[in-house]
Asks: 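Sharing a structure below in structure tokens format, with a few things to ask.
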Amino acid sequence: MAVRLPRFPMTNSASLGTEGINVDDLCSYAVDVWVSDHSILTDEERLLKVLRTAAEKGNAQVLGEASHVFPNGAVTAILLLSASHLSIHTWPEFSLANVDLLAYGRLNGERMMQSVELGLSPTKINVTRMLRAVH
């Protein structure tokens with residue numbers, strides 16, 4: 001089980017759920033994930049699979065994707081979603097991945113983040129969820 005460290009008082013990582021989130025809410029998730037097996041952090045295809053699976057779990061429609069592998073093996077990947085985006089950038093030298101999600105409407109950001117967590121098998125994770133103003 002990963003250690004969860006909330007970044008800001010507004011985030012209660014231990015009790016993340018969809019209660020209190022309305023269908024018209026816009027939520028941002030910033031997630032820092034440390035892994036023991038850092039081979040995933042340089043595996044572009046595995047990372048894209050993690051993102052695609054998360055999008056599917058959250059009922060997101062993927063419109064496009066892009067990725068890039070840097071000389072040190074670090075990967076940046078992004079899914080363009082119909083109502084948002086899901087991205088990851090890895091730092092293999094720190095055994096770290098940063099994941100960002102902007103979720104709006106009927107997307108289930110919580111399910112998406114749980115799927116990312118499952119796919120990366122972290123030893124430690126920081127989850128920050130922030131409601132964004134759209135009205």
Side-chain angles (χ1 to χ4, degrees):
M1 179 84 175
V3 175
R4 292 179 164 270
L5 301 172
R7 273 198 177 161
F8 303 108
M10 72 179 78
T11 301
N12 181 354
S13 298
S15 64
L16 284 178
T18 56
E19 55 280 342
I21 301 176
N22 297 316
V23 71
D24 292 325
D25 284 341
L26 179 65
C27 286
S28 282
Y29 297 81
V31 181
D32 304 317
V33 180
W34 289 266
V35 298
S36 60
D37 176 12
H38 70 272
S39 68
I40 192 170
L41 301 177
T42 58
D43 190 330
E44 179 183 22
E45 280 308 310
R46 278 176 64 195
L47 291 168
L48 282 166
K49 183 178 179 183
V50 167
L51 296 182
R52 288 183 203 116
T53 299
E56 181 182 324
K57 297 286 184 189
N59 300 315
Q61 179 184 4
V62 178
L63 301 177
E65 65 181 50
S67 61
H68 179 77
V69 179
F70 293 89
N72 70 342
V75 177
T76 292
I78 185 166
L79 297 185
L80 176 62
L81 306 176
S82 61
S84 62
H85 67 270
L86 175 61
S87 65
I88 189 167
H89 183 79
T90 67
W91 303 85
E93 64 272 27
F94 301 118
S95 299
L96 173 67
N98 301 124
V99 180
D100 293 298
L101 169 65
L102 183 64
Y104 179 76
R106 298 199 179 275
L107 296 184
N108 190 318
E110 301 302 323
R111 281 191 200 146
M112 292 173 79
M113 291 297 93
Q114 289 168 357
S115 179
V116 167
E117 182 177 351
L118 183 65
L120 296 177
S121 301
T123 57
K124 183 171 76 169
I125 186 168
N126 287 343
V127 178
T128 302
R129 180 181 75 191
M130 179 175 53
L131 291 176
R132 307 285 297 267
V134 291
H135 304 266

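In this chain, numbering begins with 1 at the start of the sequence shown.
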Asks: Considering non-hydrogen atoms only, spot the tightest contact between A74 and T42 and give its length.
Replies: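 For A74 and T42, the tightest heavy-atom pair comes out as N-CG2, 4.5 Å.
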
Asks: Is L81 close to M112 at the side-chain level, that is, under 4.5 Å between some pair of heavy atoms?
Replies: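 Yes. Closest side-chain heavy atoms under 4.5 Å.
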
Asks: How about H85: does its NE2 atom have over 12 heavy atoms from other parts shown lying under 6.0 Å from it?
Replies: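 Above 12, so yes.
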
Asks: When rounded to the nearest 0.5 angstrom, what distance separates OG in S84 from CG in D100?
Replies: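 Reported to 0.5 Å precision, the distance equals 11.5 Å.
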
Asks: For a quick test of reading the model, state the closest non-hydrogen atom pair linking V99 to V116 and the distance between them.
Replies: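 V99 and V116 have their closest heavy atoms at CG2-CG1, 4.0 Å.
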
Asks: To the nearest 0.5 Å, tell me how far E110 CD sits from C27 SG.
Replies: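 Answer rounded to 0.5 Å: 7.0 Å.
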
Asks: Would you confirm whether T53, through its side chain, and K49, through its main-chain N or O, come within 3.5 Å as a donor-acceptor pair?
Replies: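 Here the side-chain-to-backbone pair exists.
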
Asks: Do W34 and N126 have side-chain atoms, one donor and one acceptor, less than 3.5 Å apart?
Replies: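 No donor-acceptor contact under 3.5 Å links the two side chains.
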
Asks: Considering only residues two or more places apart or on different chains, which pairs with a residue in residues 62-83 satisfy salt bridge (charged side-chain N to carboxylate O under 4.0 Å, His left out)?
Replies: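 Qualifying pairs, neighbours excluded: R52-E65.
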
Asks: Could you name each residue pair satisfying salt bridge (charged side-chain N to carboxylate O under 4.0 Å, His left out) that touches residues 68-94, not counting sequence neighbours?
Replies: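 Pairs touching residues 68-94 that pass the test: none.
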
Asks: Ignoring hydrogens and angles, tell me if any N or O in the side chain of T90 forms a donor-acceptor pair with the backbone of V75 under 3.5 Å.
Replies: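 Side chain of T90 to backbone of V75: a pair is present.
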
Asks: Check S115 against K57 and note the closest heavy-atom contact, atom names and distance.
Replies: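 So the two residues come closest at OG-CG, 3.8 Å.
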
Asks: Could I get the full list of side chain to side chain donor-acceptor pair (under 3.5 Å) partners for T76, not counting sequence neighbours?
Replies: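 By the side chain to side chain donor-acceptor pair (under 3.5 Å) rule, T76 matches H89.
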
Asks: Does V62 belong to the same Ile/Leu/Val/Met/Phe/Trp/Tyr cluster as Y29, with side-chain heavy atoms less than 4.5 Å apart forming each link?
Replies: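 Yes, same cluster.
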
Asks: Between S67 (side chain) and A77 (backbone), is there a donor-acceptor pair under 3.5 Å?
Replies: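 Side chain of S67 to backbone of A77, a donor-acceptor pair under 3.5 Å: no, none is there.
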
Asks: Heavy-atom count around F70 CZ within 6.0 Å, excluding the residue itself: above 12?
Replies: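 Above 12, so yes.
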
Asks: What pair of heavy atoms forms the shortest contact from S82 to L63, and how long is it?
Replies: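 Of all heavy-atom pairs spanning S82 and L63, the closest is CA-CD1, 3.6 Å.
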
Asks: Identify the residue among L51, L86, V31 that makes a side-chain contact (heavy atoms from CB on, under 4.5 Å) with L101.
Replies: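 Answer to the side-chain contact (heavy atoms from CB on, under 4.5 Å) test with L101 among L51, L86, V31: L86.
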
Asks: Looking at I125, I88, L41, V127, which hits side-chain contact (heavy atoms from CB on, under 4.5 Å) with V33?
Replies: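 Among I125, I88, L41, V127, the one that satisfies the side-chain contact (heavy atoms from CB on, under 4.5 Å) with V33 is I125.
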
Asks: Kindly work out whether a path of hydrophobic side-chain contacts (I/L/V/M/F/W/Y, heavy atoms less than 4.5 Å apart) joins L118 to L79.
Replies: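 No, L118 and L79 fall in different hydrophobic clusters.
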
Asks: Can you confirm whether L47 sits close enough to L120 that some side-chain heavy atom of one is under 4.5 Å from a side-chain heavy atom of the other?
Replies: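 They are in contact (side-chain heavy atoms under 4.5 Å apart), so the answer is yes.
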
Asks: What are the two closest non-hydrogen atoms of V35 and S121, and how far apart are they?
Replies: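 Smallest interatomic distance, heavy atoms only, reads CG1-O, 4.4 Å.
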
Asks: Can you tell me how far OG of S28 sits from CZ of R129, rounded to the nearest 0.5 angstrom?
Replies: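 Here the rounded value is 11.5 Å.
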
